[in-house]
Amino acid sequence: MRTQKYGIDCRKGVLNKGNLYRIERAMKKAMRGEAVTVGFLGGSITQGAGAVPINTKCYAYQTFEGLCRLVGKGVDENIPYIKAGVGGTP
């Protein structure tokens with residue numbers, strides 16, 4: 001029997017979580033107090049277009065803060081943050 005919704009054969013869908021080894025290793029490193037740099041590359045959305053204030057309400061910084069909370073660290077501790085978003089780039 002074919003499972004279809006909206007004309008899509010769902011059996012052909014692929015779910016791939018990828019290899020989580022590297023992120024798990026980085027999280028454990030941060031939890032131990034070792035430095036881990038978090039970087040975001042992208043265009044205007046990464047830069048923070050539409051966010052007010054742009055530096056702390058952009059998705060990159062919000063994600064960074066969430067990561068810090070997950071590993072039990074403050075944003076000024078051992079996790080440097082780099083936001084390399086440039087508006088107008090594809």
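Note that this is a predicted model, so its numbers are computed, not measured.
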>> Could you report the tightest heavy-atom contact between K57 and Q62, atom names first, then the distance?
In response: CA-NE2, 3.6 Å

>> Check for me, please, whether Y81 and L70 land in the same ILVMFWY cluster - side-chain distances under 4.5 Å, paths through other members count.
In response: yes

>> If hydrophobic clusters are built from ILVMFWY residues whose side chains come within less than 4.5 Å, do I82 and L67 share one?
In response: no

>> Is there a side-chain hydrogen bond (donor to acceptor under 3.5 Å, both in side chains) between Y59 and T46? Walk through the geometry before answering.
In response: CA-CA 7 Å; Y59 90 87; T46 304; 3.2 Å; yes

> Can you tell if the side chain of V75 reaches within under 4.5 Å of the side chain of E65, non-hydrogen atoms only?
Replying inline: yes

> So do C58 and K83 actually touch side chain to side chain, heavy atoms under 4.5 Å?
Replying inline: yes

> Under the 3.5 angstrom rule, does the side chain of Q47 hit a backbone N or O of G87 as a donor-acceptor pair?
Replying inline: yes

> Can you get from I23 to F40 by hopping between Ile, Leu, Val, Met, Phe, Trp and Tyr side chains that sit under 4.5 Å apart?
Replying inline: yes

> Distance-only, no hydrogens or angles: does the E24 side chain make a donor-acceptor pair with backbone N or O of Y21 under 3.5 Å?
Replying inline: no

> Are L20 and V71 connected in a single hydrophobic cluster, I mean Ile/Leu/Val/Met/Phe/Trp/Tyr linked by side-chain heavy atoms less than 4.5 Å apart?
Replying inline: yes

> Which atom names give the shortest non-hydrogen contact between G33 and N78, and what distance separates them?
Replying inline: C-ND2, 3.2 Å

> Should we count CZ of R32 as having more than 12 external heavy atoms under 6.0 Å?
Replying inline: yes

>> Hydrophobic clustering (ILVMFWY, side-chain heavy atoms < 4.5 Å, transitive) - are M31 and F64 grouped together?
In response: yes

